[in-house]
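We use all heavy atoms of the structure for the numbers below, so side chains are in, but hydrogens, waters and symmetry mates are not.
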Amino acid sequence: MFYLKKKKVQSNSKGLGANRVYEVVTINHTRATAFGKLPGDMSPKNRQAPPSKHLRVTKRKQSLEFEQFDGNNNQTKRQRVTVTETETLTWKPGPSTNFATSNRFEPLHSSRKRSKWRKIKNKSVTDGDRQWTSSSRDFSSFKDKFVVVSYNILGVENALKHPDLYEKVPPEFLKWERRKKLIREEINSYNASILCFQEVDHFDDLDDLLQMDGFRGVYKARTGEAYDGCAIFWREKLFTLLHQENIEFQNFGLRHNVAQLCVLKMNQNLPEFEEQTAMTTSSQNQSLVVGNIHVLFNPNRGDIKLGQIRLFLEKAYKLSQVWGGIPVLLAGDLNSSPRSALYQFLASSELDVRQHDRRYISGQLELTSKCRAFNFQCANATSGWRSNSRSLLYRWSDEELRLATGSEEVTQLQHRLKLHSAYFGIPGSHRTRENHGEPLATSYHSKFMGTVDYIWHTEELLPVRVLETLSPDSLRRSGGLPSKRWGSDHLALVCELAFANNCDRT
């Protein structure tokens, strides 16, 4: 048996549901309700979901609050309703009220606890704690594991030249003296083993700081008038540098960007101070090629972007073969989205360039009206990889083909590395990952939020865990990067990898 007492009340709030009349129902909770037994009885047979519009309220008698989460707008809205003598409510909106079907209500706290709860919530927004997500596979029997970080640390000169990108960032957050300390603290918090930095224009500063933490590094500055470059660091007690080489893309007519390639060997099987050559057996044991690149930004020059990636992959593969077919790890800022043709090329090892407009190869630009007129879904920019019509071919000039593929007669790009994305290999939260598996955002400033940074590896390396990025909502609330917590306008990508051949099965 149960009884209901109905009373109509007027909302006195501004915002959602303002000036609406709600029907409030008081239920005598000492009796069984129409929805089964009370929540205290949680046996499986009685464990039923509460009605979708059931509210948990505060203990105050004269007024109550509830919060409504709008899944479509990713916003939480607060509603106050004045009632009398009530403890449990079921409310029904008037006929003219529309609510999203995905709304969820969050439990409220007493007025004494609410202040503390707000402080905790605000702290999470400010600090932006990032969580590790681990593979479902058990890696406890794998001996050789290491943590790699890919990080565009925001060049000092680049920050000064583009103040419009950091309009909402306090000036002190852009100062290099402050940012370099944050970067160092962040790296140490990850217990990192290998670092791949982009936009490095104060290498000596970083080198001095990181040497105190046991790192050694090599640097390659961009050619031309730019001040920044790429740097690879490794923890000296874990790895030894066996070989290094650089790529200056200007030598191939591909602008002034650069890339680095290093061969590193884990020290546990390496006698101290032993000299190594490319063909010795010991050097092939637990060694790997580490590549670091910062691809051209210009969204319209997909031919040059492809050309840079093509050369980078070719050099990495050849170096791997010279050293006995060792694993390859590639990291960097590719200035391309996870749904781009360039991403497809990395993941699938092939690409027909004629199927893509070079302006959309990186996925940085929105579809143009011309593309829509041809009913061409530029998935490389939005929702997939291929066009609806396989017969639709774009015209590339001989020069563009030469830059992209290395030959005026070649339209099919291929590479011989079987690459896997570290983040794609470990499923994560929908709050921080897009449907493709990559982070929703690795960079954020006043004119851009999205993913352009990646860590790729061959199948001889296995992802153990990855560090989730921040959700877009959290980034927006921060006002922009760099921030009080983070020293760059990019977020570091961090993953732990294991050598696949180093599992102790005994």
**Item:** Presence of salt bridge, K145 and E496, under 4.0 angstrom
**Value:** no
**Mutual orientation of the aromatic rings belonging to H415 and F345 [parallel < 30°, tilted 30-60°, perpendicular > 60°]** = perpendicular
**Approximate separation, where rounding is to 0.5 Å, of N246 CG and C262 SG** = 7.5 Å
**Message:** Applying side chain to side chain donor-acceptor pair (under 3.5 Å) to S471 and D473, what does each step give before you reach the verdict?
**Reply:** CA-CA 5 Å; S471 70; D473 285 344; 5.4 Å; no
**Atom pair CD/OG1 of E438 and T432 - distance to nearest 0.5 Å** = 11.5 Å
**Side-chain heavy atoms of N435 within contact of R339, under 4.5 Å** = yes
**Request:** Could you tell me whether the side chain of R179 and the main chain of G487 form a donor-acceptor pair under 3.5 Å?
**Result:** yes
**Side-chain heavy atoms of L195 within contact of Y151, under 4.5 Å** = no
**Request:** Mind jotting down which residue pairs meet the salt bridge (charged side-chain N to carboxylate O under 4.0 Å, His left out) criterion with at least one end in residues 401-413? Sequence neighbours excluded, please.
**Result:** E399-R402
**Fill in**
Of all heavy-atom pairs linking C230 and V258, the shortest is SG-O, 4.0 Å
**Request:** Could you pull out the closest heavy-atom pair between F312 and G291, with the gap in Å?
**Result:** CZ-C, 3.6 Å
**Message:** In this structure, is the centre-to-centre distance between the rings of F233 and F239 below 6.0 Å?
**Reply:** no
**Item:** Any donor-acceptor pair under 3.5 Å from K305 side chain to L296 backbone
**Value:** yes
**Prompt:** Do L313 and L346 touch side chain to side chain, with heavy atoms closer than 4.5 Å?
**Reply:** yes
**Complete:** Taken to the nearest 0.5 Å, the spacing of T405 OG1 from Q412 CD works out to 10.0 Å
**Asked** Going by an N to O cut-off under 4.0 Å, is there a salt bridge joining E245 and K315?
**Response** no
**Asked** Would L334 and W456 count as a side chain to side chain contact (heavy atoms under 4.5 Å, CB included) if you check the C-alpha gap in whole Å, the side-chain angles of each, and the deciding distance to 0.1 Å?
**Response** CA-CA 11 Å; L334 304 187; W456 295 85; 4.0 Å; yes
**Request:** Give me the ring orientation class for H202 and W176: parallel if the planes are under 30° apart, tilted from 30 to 60°, perpendicular past 60°.
**Result:** tilted
**Item:** Distance in Å, E468 CD paired with R433 CZ, rounded so as to fall on 0.5 Å steps
**Value:** 4.0 Å
**Message:** Quick test of your reading of the model: are D303 and R301 salt-bridged, counting only N-O distances below 4.0 Å?
**Reply:** yes
**Message:** Could you check whether Y219 and F197 have their ring centres less than 6.0 Å apart?
**Reply:** no
**Request:** Can you measure from CD (E199) to OG (S488) and round to the nearest 0.5 angstrom?
**Result:** 7.0 Å
